[in-house]
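In what follows, a single structure is set out as structure tokens and then discussed.
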There are 2 protein chains.
Amino acid sequence: MDARKSVLQRTAFFKNADGPALSAAAEAAGELALKKDETLFHQGEEASYSYLLAWGRLRLDQTTPDGRNVVIRYLGPGDLVGTVAVLRRKPYPATPVAVEDGMALFWSAAAKAKLIAEHPTLAANAINLIGGRLEELQERLQELATQRVERRIAATLLRMVRQAGRRVADGVEIPFTLSRNEIAEMNATTLHTVSRTLSAWEQEGILSGKRSSHLVITKPHRLVEIAEHE
Amino acid sequence: MDARKSVLQRTAFFKNADGPALSAAAEAAGELALKKDETLFHQGEEASYSYLLAWGRLRLDQTTPDGRNVVIRYLGPGDLVGTVAVLRRKPYPATPVAVEDGMALFWSAAAKAKLIAEHPTLAANAINLIGGRLEELQERLQELATQRVERRIAATLLRMVRQAGRRVADGVEIPFTLSRNEIAEMNATTLHTVSRTLSAWEQEGILSGKRSSHLVITKPHRLVEIAEHE
DNA sequence: GCGCGTCTTTGCGCGGGCGCAAATTCCGCA
DNA sequence: TGCGGAATTTGCGCCCGCGCAAAGACGCGC
């Protein structure tokens with residue numbers, strides 16, 4: 001239990017939370033081990049549980065009625081999952097899929113609502129987190145609306161670096177597998193176009209890493225130029 | 001003051017709020033009359049005030065570094081404006097412009113934070129509202145990513161009808177001026193393409209209303225077909 | 001080590017919708 | 001009522017990026 005509390009304590013959602021809040025949360029929580037490619041829940045299901053990703057990484061997918069897929073965002077340690085749906089009493093709007101092994105804590109809808117109602121700090125933190133996502137989506141919407149594919153891909157990679165990047169010998173690494181298709185679904189384009197673009201960048205020595213090996217950005221400044229130039 | 005309370009009482013943000021919450025809110029609030037084309041604040045400014053639109057209608061604009069404009073959404077009576085930025089202590093991410101005369105109530109950042117911290121009901125309502133916007137944006141992102149222009153425009157008009165539509169003799173009216181350019185900026189396209197599309201629809205008798213007169217959708221079911229077909 | 005399946009690369013052609021430009025219509029206002 | 005400016009319509013050509021197709025590379029299990 002104390003181990004769990006120390007996990008919670010490090011997350012943005014529990015930032016500045018007092019002892020009682022932490023204890024109540026830790027007691028009411030369940031734990032769930034996640035293996036790569038497993039899902040936490042499915043888009044459209046009734047929202048019964050709210051999750052907090054302790055470690056690992058998730059891809060949040062949204063499927064269109066006609067079966068196409070869009071990647072809404074990636075989630076990392078400390079991120080809330082399914083919380084908005086639970087608090088709004090609406091079906092989950094998307095499906096979170098593990099892209100690597102991980103672990104999540106979860107609460108029933110009632111427990112989560114109680115937690116937030118009784119601890120204003122948690123409510124404020126939730127608003128912060130959700131608000132941040134809202135603004136990120138607004139930014140992406142703008143990109144999608146005004147910029148061409150190459151710039152969008154550059155911006156997306158930079159965003160991944162910012163959110164999950166890890167320094168390595170020859171640059172910055174995105175520390176999990178990211179297929180061409182996934183990059184395409186993040187950028188409203190096709191895997192073909194992504195492939196062509198990344199090939200060109202590899203030629204220029206901007207990045208490297210094929211297949212299941214992780215992407216390494218060797219010249220982040222060049223990506224910034226592409227994302228911002230004109 | 002009581003008049004103000006009765007205004008507040010009807011909004012989603014104050015839903016289920018108890019007497020003390022309402023009184024505190026009403027006392028701390030300022031009032032602001034809005035004329036068409038006036039702005040509440042500007043994108044990039046530090047967020048000092050949080051607003052609640054009492055009546056009227058706003059268009060939320062986001063400008064790109066290179067001067068292009070994107071319409072994030074329209075806001076109607078009862079909507080919160082600038083609240084996320086205030087609570088996150090970040091600059092306003094967009095600019096709200098009045099598209100018709102209206103009135104807003106406003107609170108200082110400190111007053112708003114206090115209000116939410118002391119009244120869990122308000123916190124829950126805020127999460128609901130912000131969460132709803134998040135999900136709407138996810139839906140739009142998906143549309144933008146997977147559908148062609150014609151379907152996106154249809155979906156946008158239907159959304160406007162849902163949010164602000166008013167029944168009239170020959171169909172449903174969108175009760176404020178909506179230029180071709182504004183529709184374009186909502187749909188990541190150009191006013192030219194919007195013009196062509198609406199012209200075609202007018203030929204088919206799906207809708208009518210030119211220039212400064214309001215759009216009237218005469219055959220909403222046809223729009224639904226276009227938005228969903230295939 | 002071999003073979004199979006999946007992911008990736010690359011070529012090619014086409015088309016949706018942008019960009020530019022000009023004509024036209026409508027509105028507000030004097 | 002007439003004028004000036006802004007919004008809208010429409011034409012036309014071109015280009016980005018999709019769609020299809022096929023080949024190639026890599027990884028995994030047997």
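Chain naming here is simple, since letters A, B, ... match the order of the sequence lines and numbering starts at 1 in each.
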Requested in this report: I would like to know whether B:Glu136 and B:Arg133 meet side-chain contact (heavy atoms from CB on, under 4.5 Å); could you show each step before the answer?
Outcome: CA-CA 5 Å; B:Glu136 190 199 301; B:Arg133 288 192 195 168; 5.5 Å; no
Report task. Please check the phosphate of C:dT8 (OP1 and OP2 only) for any side-chain N or O of A:Ser199 closer than 4.0 Å. Result -> no
Query raised in the report: With the sugar-phosphate defined as primed atoms, P, OP1 and OP2, and the base as all remaining atoms, what B/S/- string results for nucleotides 13-26 of chain D, 5' to 3', for protein heavy atoms under 4.0 Å?
Result: ---SSSBBB---BB
Query raised in the report: Considering the terminal five base pairs at each end of the helix from C:dG1-D:dC30 to C:dA30-D:dT1, what angle separates the two local helix axes, rounded to 10°?
Result: 50°
Query raised in the report: Going by the angle between their ring planes, with limits at 30° and 60°, are A:Phe41 and A:Tyr92 parallel, tilted or perpendicular?
Result: parallel
Query raised in the report: Going by the angle between their ring planes, with limits at 30° and 60°, are B:Phe14 and B:Trp107 parallel, tilted or perpendicular?
Result: tilted
To the nearest Å, give me how far apart [atom1] ([X]) and [atom2] ([N]) are.
{"X": "B:Arg180", "N": "D:dT9", "atom1": "CZ", "atom2": "C1'", "result": "9 Å"}
{"X": "B:Trp201", "N": "D:dT8", "atom1": "CH2", "atom2": "P", "result": "16 Å"}
{"X": "B:Leu144", "N": "C:dG17", "atom1": "CG", "atom2": "C1'", "result": "14 Å"}
{"X": "B:Arg151", "N": "C:dG16", "atom1": "CZ", "atom2": "P", "result": "15 Å"}

Query raised in the report: Does a side-chain N-to-carboxylate-O contact under 4.0 Å join A:Glu204 and A:Lys219?
Result: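 The answer is no: the pair does not qualify as a salt bridge.
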Query raised in the report: Would you say B:Glu46 has more than 12 foreign heavy atoms packed within less than 6.0 Å of its CD?
Result: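 Counting neighbours around CD of B:Glu46, 12 or fewer heavy atoms of other residues, nucleotides or ligands fall under 6.0 Å, so no.
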Query raised in the report: Does any N or O in the side chain of B:Asp61 come within less than 3.5 Å of the main-chain N or O of B:Val71, such that one atom is a donor and the other an acceptor?
Result: no
Query raised in the report: Would a distance-only check, ignoring hydrogens and angles, find a side-chain to backbone donor-acceptor pair under 3.5 Å from A:Ser199 to A:Ser195?
Result: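 Yes, because the side chain of A:Ser199 sits within donor-acceptor range (under 3.5 Å) of the backbone of A:Ser195.
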Query raised in the report: At what distance, to the nearest 0.5 angstrom, does CG of A:Leu58 lie from CD of A:Glu38?
Result: 11.0 Å
